Structures are given as C-alpha cells and as structure tokens.
Amino acid sequence: MTIEATHDPTMAAAPPAGGAIHPLWVRITHWVNAIAMFLMITSGWEIYNASPLFPFKFPQAITLGGWLAGALLWHFAAMWLLVVNGLVYVALGLATGRFRRKLVPIRTADLLADARAAFTGKLAHDDLSVYNAVQKLLYLGVILAGIVIVLSGLAIWKPIQLQELAALFGGYDAARYVHFLAMAAIVGFIVIHVVMAFVVPKSLRAMIIGQ
Ligand code: HEM
Ligand code: HEM
C-alpha cells in the first residue's frame, strides 16, 4: 500500500505553466544556488581552518582557495552569485504564490503521517508537483537557514558598519557560531536532499528538464 502525500485538495498546486512541473526560473535558480553553495561551503571550510571554532579542521582536499586569503576571495566572489540568485528565487517565490501554494501549510499530523510513510518506504511520489509535509518542512527550513547564513555572514563581514546586525546575533563572536551552525544545517540538508534526489530519479529529471 502506498500513502499519497497528505495535502488539502483546495491548496493543490496550480497547473504548471507550459506543462512543466518546475517552471524555468525555479530550475535555473535552483542549480545556480547549488553551484554557489558548493563554492561558499568549501571556501568557508578553508576560512574556518585558519582559526577553528571547534577542535577539528576540514581536510585540505575538500576545501577551496588553498589558504585563508584565497578562500576569502572565493567566499566574497561567490557571495554575490548566491545573494543575487537567492533574492530572485525568494522574490519570485513570493510574487508568483509558489511558496504559498507549495510550501505551506505544514500540519503536524501530515508531518507525522508522511514521515512514518517515508521511513517505511510507503510514501507515494506519483504527483511530483505536490510536496509532502516532510519536504515542505525541509525546503522551508533550508530557505530560512539560507537567510540566516547570509545575514550572519554580512554581520561578520562588516561588524563595524553593520553593528546592529551583529548585535542581533549577540555580537561578532556569536555571529560566527551562528554562521557556522547554519552551514552545518545546510550541509545536513544537502546530504539527505541529494540522497533523496537519486532515490527518486524522476524528481531529479523534473528539476533539470521540467518534466
Ligand atoms: C552573504 C553571504 C555570506 C557572507 C557575507 C559571508 C561572510 C563570511 C565571512 C566574513 C567569514 C569570515 C569569518 C571570520 O573571519 O572568521 C565567513 C566564514 C565562513 N562562511 Fe560565510 N558568508 C556568507 C555565506 C556563506 C554560506 C552560504 C556558507 C555555507 C553554506 C558560508 C560558510 C562559511 C564558513 C563555514 C565559514 C568559516 C566559519 C568560521 O570559522 O568563522 N558562508 N563568511
Ligand atoms: C547536487 C545537488 C542537488 C541536487 C541533486 C538537488 C536536487 C533537487 C531535486 C531533484 C529537487 C526537486 C524536488 C522534489 O521533487 O522534491 C530539488 C528541489 C529543491 N532543492 Fe535541491 N538539489 C541539490 C542542491 C540543493 C541545494 C544546495 C539546496 C539549498 C541549499 C537545494 C534546495 C532545494 C529546494 C529549496 C528545493 C525546492 C525548490 C522549489 O520547489 O521551489 N538543493 N532539488
């Protein structure tokens, strides 16, 4: 028996424009974001290695930039790609109603039912245009983590000019921890997310060619 992702039929996704499951702007911003995130994470690890917050370092082989200054150059270059692309995605997500249609509401009962179905291999993936409650929660969560990492990044980049922002995080040192923990959350998301994309390959196809 398979359990269809629980959702309120009145909130069902509108018919996708041009028959695409994910419109072109979602696909482009999704993959640009994946590239920008890869550059930000690996350069961030090299920056971290110059002055670790915790008693470990990231292996040199998986970091970008070679040394602190090189990594900072990568971080500040890819930052523009990440932020401009992210603003386009969030603005269109709000303006087109996509976030409202696809990411909310998230009900606790649906979350429990869908999580149980997922863990027992009974979650249906028949309709790729509708996200189940677990997907909704993870996607909303990673979008929020993206906002937190950008704001905390700005706070540690310009701690004097943006003092109020740094103060919001509890000061420069705390903002560094927030920035690091948001990175850890995003990396955790990506691991699960990429595994799921390959477990359900047609979802990967839909995010690439739209069908
Ligand atoms: C607007 C976006 C961003 C800005 C302005 C920014 C800025 C910065 C700055 C200034 C540092 C150096 C902190 C220090 O001197 O100790 C840093 C470190 C770091 N960044 Fe970012 N960052 C941004 C986005 C990201 C993203 C998207 C990721 C990964 C998902 C990331 C991961 C890291 C990591 C892991 C470090 C090292 C943490 C530490 O040891 O302090 N950053 N970032
Ligand atoms: C190689 C890396 C990646 C792969 C293979 C991948 C794959 C996918 C696939 C197949 C979907 C369609 C989802 C579905 O039907 O459930 C999707 C959606 C999504 N992915 Fe990724 N992804 C990757 C990287 C990322 C990264 C780095 C992030 C953010 C940090 C991210 C955030 C999202 C979000 C928020 C959605 C929902 C988008 C929307 O519907 O508006 N992905 N991804």
Side-chain angles (χ1 to χ4, degrees), residues 5 13 16 21-23 25-27 29-54 57-58 63-65 68 71-72 74-87 89-90 92-93 96 98-99 101-103 123 125 127-132 134-136 138-159 162 165-166 172-173 175-208 210:
I21 295 171
H22 303 296
W25 65 266
V26 171
R27 285 178 275 143
T29 52
H30 177 269
W31 294 115
V32 169
N33 178 67
I35 294 167
M37 278 291 181
F38 171 80
L39 298 174
M40 294 307 280
I41 293 166
T42 50
S43 60
W45 287 348
E46 180 67 38
I47 300 171
Y48 168 94
N49 281 353
S51 153
L53 290 166
F54 302 99
K57 285 191 179 190
F58 294 94
T63 68
L64 178 68
L68 177 61
L72 281 168
W74 274 107
H75 214 66
F76 293 137
M79 163 185 102
W80 294 102
L81 187 64
L82 181 95
V83 170
V84 171
N85 182 70
L87 285 175
Y89 172 71
V90 171
L92 287 175
T96 62
R98 178 180 179 85
F99 288 170
R101 267 196 321 271
K102 303 200 62 154
L103 301 182
L123 194 61
H125 297 282
D127 185 356
L128 291 174
S129 69
V130 178
Y131 291 143
N132 65 59
V134 178
Q135 281 171 303
K136 288 183 187 176
L138 289 179
Y139 292 156
L140 260 188
V142 82
I143 292 168
L144 291 180
I147 294 170
V148 169
I149 207 161
V150 167
L151 293 180
S152 58
L154 292 174
I156 54 182
W157 181 32
K158 302 276 181 201
L162 302 173
L165 190 60
Y172 176 87
D173 291 309
R176 245 193 101 182
Y177 280 97
V178 171
H179 199 63
F180 187 91
L181 293 176
M183 177 280 294
I186 291 171
V187 170
F189 164 85
I190 294 173
V191 171
I192 300 172
H193 184 61
V194 173
V195 168
M196 289 312 294
F198 286 93
V199 169
V200 189
K202 62 183 179 177
S203 74
L204 185 56
R205 196 187 60 188
M207 192 43 97
I208 297 169

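From a predicted model like this one, the values you see are computed outputs, not experimental measurements. Remember, it's 1-based here, ligands and their atoms both numbered in the order they're listed. Each residue takes its place number in the sequence, starting with 1.
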Check your understanding: Counting heavy atoms only, which of Val187, Leu181, Ile156 is nearest atom 11 (C) of ligand 1?
Key -> Ile156
Review point. Where the side chain of Lys202 meets the backbone of His125, is there a donor-acceptor pair that is under 3.5 Å apart?
Key: yes
Check your understanding: When rounded to the nearest 0.5 angstrom, what is the spacing between CD1 in Ile186 and CD1 in Ile149?
Key -> 4.0 Å
**Study point:** Shortest protein contact, atom 28 (C) of ligand 1 (heavy atom only)
**Key:** Ile149 CD1, 3.4 Å
Review point. Using heavy atoms and a threshold below 4.0 Å, how should the contact between Val142 and ligand 2 be classified: side chain, backbone, both, or neither?
Key: side chain
Practice item. Would you sort out whether Leu144 and Val148 count as a side-chain contact (heavy atoms from CB on, under 4.5 Å), showing the intermediate values? Key: CA-CA 6 Å; Leu144 291 180; Val148 169; 5.5 Å; no
**Study point:** Opening angle at atom 21 (Fe) of ligand 2 [NE2, His30; NE2, His193; to 10 degrees]
**Key:** 170°
Exercise for review: Specify the closest pair of heavy atoms between Leu165 and Leu151, including all atoms of both residues, with the distance to one decimal.
Suggested key: CD2-O, 3.4 Å
Revision key, fill the gap. Quick note on ligand 1: atoms under 4.0 Å from a heavy atom of Val83 include exactly 1 (C)
Point to revise | Per-atom contacts of ligand 1 with Leu82, taking only distances under 4.0 Å to non-hydrogen atoms | key: 27 (C)
Check your understanding: Taking N or O atoms only and a 3.5 Å limit, does Arg176 qualify as a polar contact for ligand 1?
Key -> yes
Check your understanding: Among protein heavy atoms, which sits nearest to atom 6 (C) of ligand 1, and what does the distance come to when rounded to 0.1 Å?
Key -> Gly153 CA, 3.5 Å
Revision key, fill the gap. closest protein heavy atom to atom 19 (C) of ligand 1 is His179 CD2, 3.3 Å
Practice item. Please round to the nearest 0.5 Å and tell me the distance separating atom NE2 of His193 and atom OG of Ser203. Key: 8.0 Å
Review point. Going by the order shown, which atoms of ligand 1 are within less than 4.0 Å of some heavy atom of Trp157?
Key: 10 (C)
Review point. Which residue and non-hydrogen atom of the protein lie closest to atom 2 (C) of ligand 1, and at what distance in Å?
Key: Met79 CG, 3.8 Å
Check your understanding: N/O to N/O below 3.5 Å, does that happen between Trp45 and ligand 1?
Key -> no
Check your understanding: To the nearest 0.5 Å, how far apart are OH in Tyr89 and CZ in Arg98?
Key -> 6.0 Å
Check your understanding: Considering only the protein, which heavy-atom contact is closest to atom 12 (C) of ligand 1, and what is its distance?
Key -> Ile47 CG2, 3.8 Å
Check your understanding: In Å and rounded to the nearest 0.5 Å, what is the CG to CD1 distance from Leu64 to Ile47?
Key -> 9.5 Å
Review point. Considering only protein heavy atoms, which is closest to atom 30 (C) of ligand 1, and at what distance to one decimal place?
Key: Ile41 CG1, 3.4 Å
Review point. Do side-chain atoms of Arg176 reach the backbone of Ile156 as a donor and acceptor pair under 3.5 angstrom?
Key: no
Check your understanding: For atom 34 (C) of ligand 1, which protein heavy atom lies nearest, and how many Å away is it?
Key -> Gly44 CA, 3.4 Å
Practice item. Could you tell me which atoms of ligand 1, counted from 1 in the order shown, lie closer than 4.0 angstrom to a heavy atom of Tyr48? Key: 37 (C), 40 (O)
Check your understanding: Going from CE on Met37 to CG on Leu82, what distance comes out if it is rounded to the nearest 0.5 angstrom?
Key -> 5.0 Å
Point to revise | Flag side-chain contact, heavy atom, 4.5 Å: Phe99 against Val90 | key: yes
Review point. Of the non-hydrogen atoms in Ser43 and Trp74, which two are nearest, and what is the gap between them?
Key: CB-CB, 3.8 Å
Review point. Which is closest to atom 18 (C) of ligand 2 in terms of heavy atoms, Gln135, His125, Met207?
Key: Met207
Check your understanding: So between Met37, Lys202, Arg98, whose heavy atom ends up nearest atom 39 (C) of ligand 2?
Key -> Arg98
Practice item. Check the surroundings of atom CZ in Phe38: do more than 12 heavy atoms from other residues, nucleotides or ligands lie under 6.0 Å from it? Key: no
Check your understanding: Which is closest to atom 40 (O) of ligand 2 by heavy-atom distance: Tyr139, Tyr131, Trp31?
Key -> Tyr131
Study note, to complete from the structure: Under 4.0 Å from one or more heavy atoms of Phe76, ligand 1 contributes atoms 10 (C)
**Study point:** Atoms in ligand 1 flagged as close to Tyr172, the criterion being non-hydrogen separation under 4.0 Å
**Key:** 14 (C), 15 (O), 16 (O)
Exercise for review: For this output row, return yes or no: ring centroids of Phe54 and Tyr177 closer than 6.0 angstrom.
Suggested key: yes
Check your understanding: Is Lys102 reaching over with its side chain to a backbone N or O of Ser129, donor-acceptor style, under 3.5 angstrom?
Key -> yes
Check your understanding: From Trp45 CH2 over to Met40 CE, what is the distance, rounded to the nearest 0.5 angstrom?
Key -> 13.5 Å
Exercise for review: With heavy atoms under 4.0 Å as the rule, classify the contact between Val200 and ligand 2 as side chain, backbone, both or neither.
Suggested key: neither
Check your understanding: In ligand 2, which numbered atoms sit nearer than 4.0 Å to a non-hydrogen atom of Tyr89?
Key -> 38 (C), 39 (C), 41 (O)
Check your understanding: Which ligand 2 atoms, with their elements, are less than 4.0 angstrom from a heavy-atom of Val194?
Key -> 2 (C), 3 (C)
Practice item. Give the residue and atom name of whichever protein heavy atom lies nearest to atom 24 (C) of ligand 1, and the separation in Å to one decimal. Key: Met40 CE, 3.2 Å
Review point. Which residue supplies the protein heavy atom nearest to atom 15 (O) of ligand 2, what is that atom called, and how far is it?
Key: Ser203 CB, 3.5 Å
Study note, to complete from the structure: closest protein heavy atom to atom 29 (C) of ligand 2 is Asn33 ND2, 3.3 Å
Practice item. For residues Val26 and Met207, report the shortest heavy-atom separation together with the two atoms involved. Key: CG1-CE, 3.9 Å
Review point. Among protein heavy atoms, which lies nearest atom 27 (C) of ligand 2, and at what distance?
Key: Ile190 CD1, 3.5 Å
Point to revise | Nearest-option assignment for atom 33 (C) of ligand 1, heavy atoms, candidates Met183, His75, Glu46 | key: His75
Review point. Would Asn49 and Glu46 count as having a side-chain donor-acceptor pair, cut-off 3.5 Å?
Key: no
